[in-house]
Amino acid sequence: MRFKIHPIIFLFSFIIIALSACDGVLKGTKVESPAGYDLSKPERFRMRESLLEISGITFHNGNPETIYAIQDEDGRVYHFRPGDDKPAYTHFNKQGDYEDVAILNNNVIVLKSNGVFYSFPLANVKQEEQTDVNEIKDLLPKGEYEGLYADGDKLYVLCKDCGGKKSGKIDGGYVFTAKGDSLTQSGTFGITMQKLTRKNGKEDQFKPSALAKNPLTGDWYILSANNNMLVITDGQFNAKATYDLPASKFLQPEGIAFDKQGNLYISNEGDELENGNILKFAYKSSAKK
C-alpha cells in the first residue's frame, strides 16, 4: 500500500531537515587555524555597551589578569579582568579616533588614527582622570594608523593604508625606541607577501588593523579587519601563512594580543545587533605536533 504525503507536510519536513543540517555545519565547521590554536573554539568575553567599538587590547608583561583596552571614540583606557561585568576606565583625552594601546616602559601608550601618541604612567591608570598626559606629535608621516605593539623598549607602529604596496611588499611599518619619556625612530619595516600564495582575497584588500608578537614562536600575527584575515609572518615580517576569519565569529577584528602563556586574544567591534567581544584561543602544545 502506498501512502501519500501531503505537500505542506513534505515542505515543512524539508525545511526542518535543511535547517538542522545547516545548523550542524555551522556548529561543526572547522576553521583553518595556526599551529597550537583552534580558531573555531574561542572562549568569548562579551563587552559592555561602553566597549561596543573596542579597537585595541594589550597586557602588561603578558599578565592575563588584566586586559587594557581602547575604544575608538572616547579618550578612555579601560582595564578589567576577563569576564568582568563592569570594566573600569581612566579618561586621558577628549573624544577622537583612537585605534590601539600598548604598555611601554611602564607607560600606557595610545595611538590615534592620525599618528599622534598619548602617554601616561601605568601607575596612574586607576585614576578617574589623567593629569600627566604626554601628547607626542609629528613622529609619523601622514597616514591612517591602526596597529601598535610594544616589545621591550621598542614600539612598533603599522599603517593601515599608506599607499606603499609594490613588488609584493606592504610598507608602512615604523619602529621607535623609548628613551625616558621620549620616542626616537630607530627603523622601518614592510610586510613581504611576494612568496605567499594568496587564497582569501586580493593583496590590495589587506589593510592592517592590529599586530602582536607570539611570545612562544617570535612570529608576528597581523589582523586585517577590512577582509577578515589573519597574516602570520616571521620575525622579519616575511609572510608565512594567511587565515580567513569567518564573519560568523569575527564580526570586525580590530585588536590582538598574547598573554605570557601564548594564549591568543582577538577583540571585535560590535554593531547594532551584537556587542563587542574578546575571543580567547587557548594555546595547546599538542596541536603543534
Side-chain angles (χ1 to χ4, degrees), residues 44-59 66-80 82 84 86-104 107-120 125 128-130 133-137 139-140 142-150 155-162 172-174 205-212 221-230 245 247 250-257 265-279:
R44 185 189 304 268
F45 302 105
R46 287 181 171 83
M47 299 293 100
R48 293 281 294 241
E49 183 66 25
S50 57
L51 277 167
L52 174 69
E53 297 191 39
I54 184 170
S55 58
I57 56 175
T58 194
F59 296 104
T66 303
I67 295 176
Y68 298 87
I70 198 82
Q71 67 108 305
D72 68 4
E73 289 186 351
D74 294 329
R76 299 173 176 177
V77 171
Y78 292 80
H79 50 96
F80 52 91
D84 275 357
K86 188 175 181 180
Y89 68 84
T90 182
H91 186 263
F92 68 91
N93 200 38
K94 61 184 180 181
Q95 287 190 325
D97 189 8
Y98 303 104
E99 295 294 347
D100 214 343
V101 60
I103 298 176
L104 177 71
N107 285 310
V108 178
I109 310 285
V110 176
L111 174 67
K112 201 172 183 179
S113 63
N114 61 0
V116 174
F117 300 102
Y118 297 87
S119 171
F120 61 87
V125 75
E128 185 175 336
E129 194 84 22
Q130 292 300 318
V133 179
N134 184 22
E135 183 179 17
I136 309 171
K137 299 180 178 180
L139 291 185
L140 292 163
K142 282 189 176 181
E144 184 179 358
Y145 297 88
E146 291 198 0
L148 183 71
Y149 182 77
L155 193 68
Y156 293 81
V157 184
L158 191 53
C159 187
K160 179 179 180 180
D161 188 7
C162 285
Y174 299 87
Q205 293 178 328
F206 176 70
K207 298 182 187 298
S209 54
L211 77 162
Y221 282 51
I222 303 170
L223 289 177
S224 172
N226 186 65
N227 58 341
N228 272 50
M229 183 171 67
L230 171 66
L245 301 177
F250 302 87
L251 186 62
Q252 189 173 333
E254 293 279 356
I256 188 168
Y265 301 73
I266 294 177
S267 62
N268 294 271
E269 287 192 13
D271 59 14
E272 294 83 359
L273 301 176
E274 187 174 339
N275 284 357
N277 64 49
I278 295 176
L279 305 180

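Atom CD1 in Ile266 sits 6.0 Å away from atom CG in Leu230 (nearest 0.5 Å). The CG atom of Leu51 sits 15.0 Å away from atom CZ of Arg46, with the distance rounded to the nearest 0.5 Å. Atom CG of Asn268 sits about 7.0 Å away from atom CZ of Phe250, to the nearest 0.5 Å.
Among Leu148, Thr58, Ile109, the one residue that satisfies the side-chain contact (heavy atoms from CB on, under 4.5 Å) test with Leu104 is Ile109. If you run side-chain contact (heavy atoms from CB on, under 4.5 Å) between Pro82 and each of Ile278, Ile67, Thr66, only Ile67 comes through.
Screening residues 88-104 for salt bridge (charged side-chain N to carboxylate O under 4.0 Å, His left out) gives no qualifying pairs among residues at least two apart or on separate chains.
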Before giving the answer on side chain to side chain contact (heavy atoms under 4.5 Å, CB included), spell out for Val77 and Val110 the whole-Å C-alpha distance, their side-chain angles and the decisive distance to 0.1 Å.
-> CA-CA 8 Å; Val77 171; Val110 176; 3.7 Å; yes
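Shown here are the side chain to side chain contact (heavy atoms under 4.5 Å, CB included) partners of Lys86, two or more places apart in sequence or in another chain: Arg48. Ser119 is linked by a side-chain hydrogen bond (donor to acceptor under 3.5 Å, both in side chains) to nothing, counting only residues two or more places apart in sequence or in another chain. When the ring-ring contact (aromatic ring centres under 6.0 Å, His included) test is applied to Tyr174, no partner is found at least two apart in sequence or on another chain. Take Glu129 and apply the side chain to side chain contact (heavy atoms under 4.5 Å, CB included) test, not counting sequence neighbours, and it matches His91. Residues meeting the ring-ring contact (aromatic ring centres under 6.0 Å, His included) test with Phe120, sequence neighbours left out: none. Residues meeting the side chain to side chain contact (heavy atoms under 4.5 Å, CB included) test with Glu274, sequence neighbours left out: Arg44, Leu251, Asp271, Asn277. Glu135 meets the side-chain hydrogen bond (donor to acceptor under 3.5 Å, both in side chains) test with Tyr118; sequence neighbours excluded. Residues that satisfy the ring-ring contact (aromatic ring centres under 6.0 Å, His included) test with Tyr89, not counting sequence neighbours, are Tyr78. With sequence neighbours left out, the ring-ring contact (aromatic ring centres under 6.0 Å, His included) criterion links Tyr145 to no other residue. Applying the side chain to side chain contact (heavy atoms under 4.5 Å, CB included) rule to Ala225 yields the partners Ser209, Gln252, Pro253, Glu254; only residues at least two apart in sequence or on another chain are considered. In terms of the salt bridge (charged side-chain N to carboxylate O under 4.0 Å, His left out) criterion, residue partners of Glu144 (sequence neighbours excluded) are, by chain and number, Lys160.
Nearest heavy atom pair, residue Ala257 against residue Ala212, reads CA-CB, 4.1 Å. Minimum interatomic distance between Gly173 and Leu158 (heavy atoms only, all atoms of both residues): CA-CD1, 3.9 Å. Here the closest non-hydrogen pair linking Ala210 and Gly255 is CB-CA, 3.9 Å. Annotation for Leu211 and Gly147: closest pair CD2-C, 3.5 Å, computed over non-hydrogen atoms.
Asn228 places a side-chain N or O within 3.5 Å of a backbone atom of Leu245 that can act as its donor or acceptor partner. Checking side-chain atoms of Asn275 against main-chain N and O of Glu49 turns up no donor-acceptor pair under 3.5 Å. For the pair Thr90 (side chain) and Arg76 (backbone), a donor-acceptor distance under 3.5 Å is absent. When atom types are taken as modelled, the side chain of Gln95 and the backbone of Gly75 share no donor-acceptor pair closer than 3.5 angstrom.
Looking at Phe117 and Lys112, their side chains never come closer than 4.5 Å, going by heavy atoms from C-beta outward. Residues Val101 and Val108 have side chains in contact (heavy-atom distance under 4.5 Å, counting atoms from C-beta outward). Between Tyr98 and Phe92, the closest side-chain pair of non-hydrogen atoms falls below 4.5 Å. Within the 4.5 Å cutoff, side-chain heavy atoms of Glu269 are placed close to those of Ser55. The closest side-chain heavy-atom distance from Leu52 to Ile54 is not below 4.5 Å. A heavy-atom distance below 4.5 Å is not found between the side chains of Pro208 and Leu223.
Note: Tyr265 and Phe59 meet the aromatic proximity criterion, with ring centroids under 6.0 Å apart.
Between Tyr68 and His79, the ring-plane angle classifies as tilted under the 30° and 60° cut-offs.
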